[in-house]
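We use all heavy atoms of the structure for the numbers below, so side chains are in, but hydrogens, waters and symmetry mates are not. So you know, we letter chains A, B, ... as the sequences are listed, proteins then strands, and number each from 1.
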Protein chains: 2
Amino acid sequence: MTESESANVDLEIIVQGAQEGKKLELRLWLRMLSTTKLISQEIRRRLRNEFGATLPQFDLMAQLYREREGLRLGELSKRTMVTNGNVTGLVERLEADGLVLRVTPDGDRRVTVAKLTAKGETSFSAMAAAHEGWLRDMMADVDPAIVSELWRDIGEVKSSVSNHLSGADFE
Amino acid sequence: MTESESANVDLEIIVQGAQEGKKLELRLWLRMLSTTKLISQEIRRRLRNEFGATLPQFDLMAQLYREREGLRLGELSKRTMVTNGNVTGLVERLEADGLVLRVTPDGDRRVTVAKLTAKGETSFSAMAAAHEGWLRDMMADVDPAIVSELWRDIGEVKSSVSNHLSGADFE
DNA sequence: GAACGATTTTTGAAATGTCAAAGGTTTGGC
DNA sequence: GCCAAACCTTTGACATTTCAAAAATCGTTC
């Protein structure tokens with residue numbers, strides 16, 4: 001390696017450090033955000049066109065589907081990462097559509113438990129199957145090994161973020 | 001390795017294939033979505049507490065900040081991935097706060113161009129600096145090499161998704 | 001130069017989202 | 001038994017979001 005070549009490499013490193021190394025976290029965040037928006041919009045569009053449902057409704061029903069005995073609204077709020085007040089309205093509309101049932105248990109009258117109706121279960125399982133297929137389609141060009149790697153590494157990001165929250169979210 | 005041990009390994013592989021290999025794309029999506037929500041909420045909270053601003057307003061101003069001569073609302077809509085109707089209201093409120101100015105150019109009176117006011121520029125650059133720091137903090141536990149890798153691989157996901165959209169989004 | 005089609009933004013209805021405050025209910029001392 | 005603190009959900013005020021339809025303007029064609 002000649003002297004000029006080695007100097008060149010050093011320069012590249014410096015330049016790279018200034019351009020690509022800077023704000024890496026910011027750039028990752030912007031890319032995560034835009035990708036998530038893109039996928040969300042596509043899922044929204046398909047849920048609407050093929051099932052007449054919305055994404056928040058789908059998310060909420062997904063939680064209820066795996067807890068057949070139902071969930072308290074507060075628990076639903078935590079799992080869907082939606083505020084309490086928002087859950088109230090969502091469940092209200094789902095109940096009006098006959099997909100969800102609200103029950104107040106005898107033991108504690110502060111609590112409201114939401115659970116899927118039979119119609120809700122049928123409706124959700126059809127959507128869930130389609131939903132899974134959409135994701136496979138959308139990510140079809142990505143090597144499964146990379147999908148796996150992404151799943152693991154984003155887990156690290158999530159964990160780091162969880163440990164550096166200013167607010168109240170702890171688990 | 002005994003026969004029973006080797007049989008065990010095979011079982012693990014099979015089980016792993018059935019459990020972890022299945023629905024990999026779905027699981028990646030759920031993790032991306034929850035991580036993005038987590039970070040969004042944290043940024044929202046800090047923008048609100050420290051600057052009295054909202055995240056959509058911040059996003060919109062970010063686009064205007066790097067186009068000092070201003071942007072048409074339709075262009076703003078594309079770049080922020082927000083619908084046209086939504087941009088109208090966002091710009092309206094930002095204008096009421098004196099952060100953004102709306103101008104109709106002489107050449108084409110259908111068009112509305114939004115640009116930051118001096119106050120808007122000052123306000124945004126303070127927020128942007130803080131914003132970048134928050135992200136570094138939140139991702140502090142993640143190896144920079146992994147951040148870099150994630151940025152690249154999520155780019156692949158985004159590209160794959162873009163090529164498998166049912167709707168109208170093409171570029 | 002009147003009319004038609006394309007472009008751009010706004011509007012309106014409904015759903016989702018946040019936050020803070022208010023309403024009930026329960027529980028644990030006293 | 002009663003009161004205060006804690007717990008759970010709802011409410012109310014706004015901001016954001018989507019979609020579709022309407023409004024305004026431009027360009028072109030005849």
Side-chain angles (χ1 to χ4, degrees), chain A residues 33 36-38 40-49 51-61 70-97 99-100 102-114 167-169, chain B residues 33 36-38 40-49 51-61 70-78 80-97 99 102-114 167-169:
Chain A
L33 187 58
T36 300
K37 273 190 186 175
L38 192 63
S40 284
Q41 284 170 357
E42 178 69 9
I43 293 177
R44 250 181 250 277
R45 176 166 36 219
R46 299 206 199 189
L47 277 176
R48 178 179 197 85
N49 291 344
F51 297 99
T54 67
L55 184 49
Q57 289 172 356
F58 176 78
D59 283 346
L60 196 153
M61 291 175 76
L71 285 171
R72 289 143 60 131
L73 297 198
E75 186 59 25
L76 260 178
S77 169
K78 274 181 207 153
R79 298 201 192 187
T80 56
M81 300 177 79
V82 151
T83 50
N84 274 337
N86 201 357
V87 167
T88 297
L90 280 167
V91 170
E92 223 164 61
R93 284 182 290 271
L94 285 170
E95 192 178 34
D97 290 344
L99 299 168
V100 156
R102 259 188 302 196
V103 185
T104 300
D106 296 341
D108 191 339
R109 282 206 311 258
R110 292 171 299 183
V111 172
T112 300
V113 170
D169 287 308
Chain B
L33 187 58
T36 300
K37 273 191 186 174
L38 191 63
S40 285
Q41 284 170 358
E42 178 69 9
I43 294 177
R44 248 182 255 278
R45 176 167 34 220
R46 299 206 200 191
L47 278 176
R48 179 180 194 83
N49 292 344
F51 297 99
T54 67
L55 184 50
Q57 288 173 354
F58 176 78
D59 284 346
L60 196 153
M61 292 174 76
L71 286 171
R72 290 145 59 131
L73 298 198
E75 186 59 27
L76 260 179
S77 168
K78 275 180 206 152
T80 56
M81 299 177 79
V82 151
T83 50
N84 272 338
N86 201 357
V87 168
T88 297
L90 281 168
V91 170
E92 224 164 59
R93 283 181 290 271
L94 285 169
E95 193 178 35
D97 290 344
L99 300 168
R102 259 187 304 195
V103 185
T104 299
D106 296 340
D108 190 339
R109 281 207 311 259
R110 292 170 300 182
V111 172
T112 300
V113 171
D169 288 306

Table please: side-chain donor-acceptor pairs of residues 106-113 of chain A below 3.5 Å, with sequence neighbours left out.
unit_1	atom_1	unit_2	atom_2	d
A:D108	OD1	A:R110	N	3.0
A:D108	OD1	A:R110	NE	3.0
A:D108	OD2	A:R110	NE	3.4
A:D108	OD2	A:R110	NH2	2.7

5' priority, DNA chain D, between A:T88 and B:N86 [closest heavy atom]
A:T88
Name every residue in residues 107-114 of chain A that has at least one heavy atom under 4.0 Å from any atom of DNA chain D, in order of residue number, or write none if there are no such residues.
A:R110, A:V111, A:T112
For B:L60 and B:T80 the tightest heavy-atom approach is CA-CG2, 4.1 Å
Once you apply a heavy-atom cut-off of 4.0 Å, does A:V82 come out as touching a base, just sugar-phosphate, or nothing?
sugar-phosphate
Using a 4.0 Å cut-off to any heavy atom of chain B, which nucleotides of DNA chain C are the first and last in contact, reading 5' to 3'?
C:dT7 to C:dC19
Looking only at heavy atoms, the pair that brings A:L76 and A:V91 closest together is CD1-CG2, 4.3 Å
Starting at the 5' end of DNA chain D, which residue's closest nucleotide do you reach first, A:R44 or A:G89?
A:G89
Output all residues satisfying salt bridge (Lys or Arg N to Asp or Glu O under 4.0 Å) with B:R102, sequence neighbours left out; order by chain, then residue number.
B:E95
Any base atoms under 4.0 Å from A:T54, or only sugar-phosphate, or nothing? Heavy atoms, all strands.
sugar-phosphate
Looking at residues at least two apart in the chain, or sitting in another chain, which of them share a side-chain contact (heavy atoms from CB on, under 4.5 Å) with B:T54?
B:P56, B:Q57
List the residues meeting side-chain contact (heavy atoms from CB on, under 4.5 Å) with B:T36, not counting sequence neighbours, and say none if there are none.
A:W29, A:M32, A:L33, A:T36, B:S40
Does some side-chain heavy atom of B:L47 sit less than 4.5 Å from a side-chain heavy atom of B:L55?
yes
Range on DNA chain D touched by chain A, heavy atoms, distance below 4.0 Å
D:dC7 to D:dC19
A:R46: what forms a side-chain hydrogen bond (donor to acceptor under 3.5 Å, both in side chains) with it, not counting sequence neighbours?
A:E42
Whichever of B:E75 and A:D106 has the more 5' nearest nucleotide on DNA chain C, that residue is B:E75
Can you sort out the partners of B:R44 under salt bridge (Lys or Arg N to Asp or Glu O under 4.0 Å), two or more places apart, ordered by chain and number?
none
So CZ of A:R72 and OG1 of A:T104: to nearest 0.5 Å the spacing works out to 12.0 Å
Of residues 90-97 of chain A, the positions that come close to DNA chain C - non-hydrogen atoms, cut-off under 4.0 Å
A:L90, A:R93
Which heavy-atom pair separates A:L90 from A:V82 by the least distance, and what is that distance?
CD1-CG1, 4.4 Å
With sequence neighbours left out, what residues match A:R79 under salt bridge (Lys or Arg N to Asp or Glu O under 4.0 Å)?
A:E67, A:E75
Mind checking if A:G74 touches a base, just sugar-phosphate, or nothing, with heavy atoms under 4.0 Å?
sugar-phosphate
